[in-house]
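Read through the structure below, which is laid out as structure tokens, and then see the notes.
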Amino acid sequence: MLRIIFGLIVLMGPTAFAAAKSEDGIVYGEAGGEKLTMDYYPPEGPAPHPVAIIIHGGGYTRGTSKNMSEAYCAFFLAPAGYAVFSINYRLAPKDPYPAMVEDVERAIRYIRHNAKQWKADPNRIALVGGSAGGYLSNMVGVLQAPGIP
């Protein structure tokens, strides 16, 4: 059954994600002369909402907040009551490690600081990502950056 459900999600992912409402291009910071942006998918249900931050994969060299492989999760998380943010980060080789980790940390701080604007709970944040996005979510958790308990 899991394989069937996964197959349906993969087949429906791009179509479903395109249908999800989003506020695109929110600037959460600037680094290396580049604006860092994210997309916001408003949650359903009563506030305060837990936060899910989606971090795209792409081998650190490609990808965007609209990648279908991870970002379509917003289609499932927003209706479940999560305030969903799909972030862009600086890419290698132009911006080598640890630039992308710093960008994820910056996004978390920005979302926490502005949580009231989205009726989000700044103390309930989950990071979601696959491949490079999974690595980045783990690195941020391991490093426990300043301002991120």
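Along the sequence shown, residues carry numbers from 1.
To the nearest 0.5 Å, atoms CD1 (I111) and CD1 (I125) are separated by 6.5 Å. Note that CD1 of I87 is 13.0 Å distant from OH of Y110, once rounded to the nearest 0.5 Å. In this structure, CG in L36 is found 4.5 Å from CG in D103, a value given to the nearest 0.5 Å. Between T64 atom OG1 and H56 atom NE2 the span is 6.0 Å, to the nearest 0.5 Å. If you take CG on N88 and CG on N67, they are separated by 9.0 Å, rounding to the nearest 0.5 Å. Annotation: the span from E23 atom CD to K21 atom NZ amounts to 12.5 Å, rounded to 0.5 Å.
Among all heavy-atom pairs drawn from A99 and R90, the shortest one is O-NH2, 3.3 Å. Of all non-hydrogen atoms in M100 and A92, the two that sit nearest each other are CE-N, 3.9 Å. The shortest heavy-atom contact between P48 and A120 is CB-C, 4.4 Å. Residues P122 and R112 come closest through the heavy atom pair O-NE, 2.6 Å. Closest of all the heavy-atom pairs between Y89 and Y28 is CA-OH, 4.2 Å. Residues V128 and C73 come closest through the heavy atom pair CG1-SG, 4.5 Å.
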Verdict with reasoning, M139 to Y97, per side-chain contact (heavy atoms from CB on, under 4.5 Å): CA-CA 11 Å; M139 282 305 295; Y97 180 88; 3.2 Å; yes
Residue pair L91, T61: steps toward the side-chain contact (heavy atoms from CB on, under 4.5 Å) verdict: CA-CA 5 Å; L91 302 172; T61 62; 5.6 Å; no
V51 vs D121, side-chain contact (heavy atoms from CB on, under 4.5 Å): CA-CA, chis, key distance, verdict: CA-CA 7 Å; V51 174; D121 184 342; 5.9 Å; no
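Between the side chain of H49 and the main chain of G81, a donor-acceptor pair closer than 3.5 Å is present. The closest donor-acceptor contact from the side chain of D39 to the backbone of F85 lies at 3.5 Å or more, if one exists at all. Not a single donor-acceptor pair under 3.5 Å links the side chain of S22 to the backbone N or O of D24. Using a distance-only test at 3.5 Å, with no hydrogens or angles considered, no donor-acceptor pair links the side chain of T37 to the main chain of G25.
Note on ring orientation: taking the six-membered ring where Trp is involved, the planes of Y135 and Y60 are perpendicular (angle over 60°, cut-offs 30° and 60°).
Between I108 and L127, the closest side-chain pair of non-hydrogen atoms falls below 4.5 Å. For the pair Y82/P43, no side-chain contact is recorded, criterion being any heavy-atom separation below 4.5 Å from C-beta on.
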